[in-house]
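Here is the structure we will look at, set down as structure tokens.
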Amino acid sequence: MRSMLREGFLELDVNGEHRKVVARPADTLLHVLRERLGLTGAKPSCKNGDCGACTVLVDGWPIKSCLMLAVEAEGHLITTVEGLKNTPIQKSFVDNFAFQCGYCTSGFLMNCHALAQIHPQASYATMREWLQSNLCRCTSYEEITQAMENVLLKT
Amino acid sequence: MIPFDFEYYRPETATEAVTLYTDLAGRGKNARYFGGGTEIISFCRLYQLYPHAVIDIKGIPELNTFEQKNGKLFIGAAKTLSQIQESNLFPLLNYCGGRVADHTIRNKITLGGNLCAMIPYRETSLALLVSEAELVIQNRKGKKILPISEIFHESLRLEDGDLLMGVHIREECLGAPFVCLKKTSDGNVGYPQDRVGYPVVSVAAMRADNKIQAAFSGVCIFPFRSRTVEEVFNKSNLPREEKIRQAVEVIPAAIHDDMISSAGYREFVLKSMMAEILERLE
Ligand SMILES: Cc1cc2nc3c(=O)[nH]c(=O)nc-3n(C[C@H](O)[C@H](O)[C@H](O)COP(=O)(O)OP(=O)(O)OC[C@H]3O[C@@H](n4cnc5c(N)ncnc54)[C@H](O)[C@@H]3O)c2cc1C
Ligand code: FES
Ligand code: FES
């Protein structure tokens, strides 16, 4: 049985790298990514599961990293926005001006990238259902939806 | 950030998990089974819960299975709401679970965690109440299987240390005709907020053995299935408007009045949902 009783070493697979990091059992994945590993792409905002700014991929599925303990992520493959390189969704966000201030963008990119990978031919209804998980205070929703649709249409 | 420490354990069997729970209790440590952890993490962050230890049950293979056997479907308690939705094995549960929180959180919320949640909505319970599911529970003394009607009264009445292993649903319920409706305080205002949120009213109804069975969340401060409401729904020769009037009179508690919705608006929504249930299932 795996146990972690106090602050100690955790081994995490992040963006294809094996990382050893000191954390507390009660530390969230969001906290460890940002404060211990310097991966600040996942953004803290509500920390309550509402906004999606902290979204990362765990084994390819979008997860709100404020609602996951870092220790839970052991043995799983974590991808943050720093791990996305020249993906179709990144290009599509640029082409469609799908952001303004950019604070929500990394969370949206992770969610959209996962959808394109898991359901490349997703219906409009499925796309809407997935996109509901993220909020954008600058209301770039139309452009984000367009960026996502363009990627789905091309696959 | 959770402002205090707790111990983390990830057992590999259910026996290990329940033994650990008892051992920790014997050492004066208050433990929590940890499914998706969405509620535990949120409540700990807000100082509304302070366990000494969490027992992560996602590593237990038995709690992570779908199995169809002896005329029943078994769904493990650690299955996430998204896994249940993607499996499409029990459409009514897909609908009830598929409107809890949002898609990304449903990748984390487990069936067991939603049924045992402290927040009162527990919307997956509606599908299990109307399909008369059986719950598989393990504790130090062994395993027991109980019909949900025996153990779900307002909430799941587990004893200290009970681990919910999963649920059995009879195969004939899997494809039965159903109606599943939810209204949030945002209503359907369009992307991105359509449907996301705690319910003003959430209902699940199924037609089985030629009768309508219905369960409700959001209406009172707890989810319920009421035989008295069903008796009214299933009366023959009573006009629909009269059925709705009588059904609202016999719901088991006062209609809830809070920030999400006034009692008056809840009653209005409830009545319109009852009309839709009767129209589609009578
Ligand atoms: C933003 C947001 C919106 C939400 N909206 C809704 C909504 O509209 N409707 C709705 O119904 N829910 C909603 N929820 C979900 C709900 O409130 C809980 O967060 C969720 O159901 C808990 O599931 P979990 O698997 O994460 O449980 P956990 O956080 O792991 O556990 C919750 C409780 O159940 C116990 N538990 C877990 N698994 C077991 C088991 N197998 N046996 C015994 N005890 C167990 C735990 O000890 C704990 O006490 C929402 C949550 C969030 C974050
Ligand atoms: S910071 Fe995680 S959902 Fe808002
Ligand atoms: S671009 Fe500013 S919050 Fe979305």
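Every chain is numbered from 1 and lettered A, B, ... according to where its sequence line falls, protein lines coming before strand lines. Just so it is clear, the model here is predicted, and its values are computed rather than measured.
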* Given side chain to side chain contact (heavy atoms under 4.5 Å, CB included), test B:R45 with A:K47 step by step and report yes or no. => CA-CA 9 Å; B:R45 188 176 56 80; A:K47 299 187 183 169; 4.2 Å; yes
* Asked: Out of curiosity, A:C51 SG to B:D102 CG, how far, rounded to the nearest 0.5 Å?
  -> 10.0 Å
* Asked: Under a 4.0 Å N-O cut-off, is there an ion pair linking A:E129 with B:R99?
  -> no
* **A:E35, part contacting chain B, at a heavy-atom distance under 4.5 Å** => neither
* To do: Check whether B:L20 gets within reach of chain A through its side chain, its backbone, both or neither, counting any heavy atom under 4.5 Å.
  => side chain
* Is a side-chain donor or acceptor of B:T104 paired with a backbone partner of A:K64 at a separation under 3.5 angstrom? -> no
* Asked: For A:I63, does its backbone N or O pair with a side-chain atom of B:K108 as donor and acceptor, under 3.5 Å?
  -> no
* What's the shortest heavy-atom distance between A:P62 and B:N107, and which atoms? -> O-ND2, 2.8 Å
* To do: Examine whether an atom of A:L69 lies under 4.5 Å from a heavy atom of chain B, and if so say whether it belongs to the side chain, the backbone or both; otherwise answer neither.
  => both
* **Atom pair NE2 (B:H103) and CG (A:L115), whose distance is rounded to the nearest 0.5 Å** => 8.0 Å
* Residues two or more places apart in sequence or in another chain: which of them pass ring-ring contact (aromatic ring centres under 6.0 Å, His included) with A:F99? -> none
* Asked: Yes or no on side chain to side chain contact (heavy atoms under 4.5 Å, CB included) for A:E72 and B:D56, after CA distance, side-chain angles and deciding distance?
  -> CA-CA 8 Å; A:E72 277 185 271; B:D56 188 347; 3.7 Å; yes
* To do: Please assess A:D27 against B:I2 for the test side chain to side chain contact (heavy atoms under 4.5 Å, CB included), listing each intermediate value before the final yes or no.
  => CA-CA 7 Å; A:D27 280 339; B:I2 297 174; over 6 Å; no
* Value rounded to 0.5 Å, distance of CD in A:Q132 from CD1 in B:I105 -> 11.5 Å
* Top of A:R2, A:R6, A:H31 for chain B proximity - count of heavy-atom pairs under 4.5 angstrom -> A:R2
* Asked: Which of residues 4-13 of chain B get closer than 4.5 angstrom to chain A, counting heavy atoms alone?
  -> B:F4, B:D5, B:F6, B:E7, B:Y8, B:Y9, B:R10, B:P11, B:E12
* Asked: Considering residues, nucleotides and ligands other than B:L46, do more than 12 of their heavy atoms fall under 6.0 Å from its CG?
  -> yes
* Check each atom of A:R24 against the heavy atoms of chain B and say whether the ones under 4.5 Å are side chain, backbone, both or neither. => side chain
* Asked: Side chain, backbone, both or neither: which part of A:N48 has a heavy atom under 4.5 Å from chain B?
  -> both
* Asked: Roughly how far, to the nearest 0.5 Å, is CH2 of A:W61 from CZ of B:R106?
  -> 11.0 Å
